[in-house]
Structures are given as C-alpha cells and as structure tokens.
Amino acid sequence: MAAVVGLIGLSPGVAQAQGLPTVRCTYDVVTLGVEQYCINVYGEGLYDDKVSGELEKVSSDPSPIEGAEVNLFGTLENGAPYNMTAVAPDGISSATAWFYPRTNFQDGSQLCIRAKIGAVE
C-alpha cells in the first residue's frame, strides 16, 4: 500500500459566483512522473456547495489509481472543524472524490484536501 499525502490550501472566500470552481493544485515529483493534487471549490462567498478532491499521476506509463482515500478538512463559520473522508472511484491515472458541505466556512480559513493511494482494499 503506497501512502501519498498531498495538501492544498484554499480560502473559501474566493469562490466564484458564476458556477465556475475556484481551483488550486500542487505537484510532487515522483519516480517516473509527477503526481498532481487539486481542489475544486464551487460556491459563493463563504458558502461552499460542493468540492472535489482530485489526484492525477502524470507519467509515460498510465497506471491505475486504486483505493484512493481523499480527506477534506477546514474550519466552519462557527469555528468548529469540518473533516470528511471519501473513497474515490478507481481510475486510470486519476481519481476524484466529491464532497457536498453546503455550508459556510470561516472567513480567511483554509479548505484543504489530502489523499492516500491504496488506503482502501
């Protein structure tokens, strides 16, 4: 089981009103390629309707991503922690998990994802 953790920060106060997501990505160079972690936030103001956490392997040899566990965490408007975990469907070179917080997050706080490949059998 390979454990890969990616962490991406995003201020929920910058979500787009036109239905387009706010996107932030980070990259890790690994043997024979690159792993990219992205968070896509859909909402308006401090309200986040839905969020996707994506993991993509970029290499010359496409390989499956299986059993990827994605964790979304942040701070709610009232100061309480928000922490949800989902298993992304297996995919070739990419895996995406969706979350539906449908709530307000604290102004200036960070909404983040982390992912583990092979966390789920």
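Counting begins at 1 with the first residue of the sequence. Remember, predicted model here, so these are calculated numbers, not experimental data.
- Residues Pro101 and Val51 have side chains in contact (heavy-atom distance under 4.5 Å, counting atoms from C-beta outward).
- Considering CG of Leu46 and OG of Ser109, their distance stands at 8.0 Å, rounded to 0.5 Å.
- Listed by first then second residue, pairs satisfying salt bridge (charged side-chain N to carboxylate O under 4.0 Å, His left out) with a partner in residues 95-104 read Asp49-Arg102, not counting sequence neighbours.
- Listed by chain and number, the residues in a ring-ring contact (aromatic ring centres under 6.0 Å, His included) with Tyr82 are Phe105 (sequence neighbours excluded).
- Taking CZ of Arg114 as the reference point, atom OG1 of Thr85 lies at 7.5 Å (rounded to 0.5 Å).
- For Pro64 against Lys57, the heavy-atom pair with the smallest separation is O-NZ, 4.2 Å.
- Distance check, rounded to the nearest 0.5 Å: CD1 of Ile65 to OG of Ser93 gives 6.5 Å.
- What you find for Ala88 and Ala97 is that their closest heavy atoms are CB-N, 3.9 Å.
- For the atom pair CG (Asn40) and CH2 (Trp98), the distance works out to 6.5 Å, reported to the nearest 0.5 Å.
- Taking the side chain to side chain donor-acceptor pair (under 3.5 Å) definition, one finds that Asn78 meets it with nothing, sequence neighbours left out.
- Note that CE of Met84 and CD1 of Ile113 are 15.0 Å apart. Values are rounded to the nearest 0.5 Å.
- With contacts defined as side-chain heavy-atom distances shorter than 4.5 Å, the pair Val70/Phe99 qualifies.
- Rounding to the nearest 0.5 Å gives a distance of 12.0 Å between OG1 of Thr75 and CG of Asp107.
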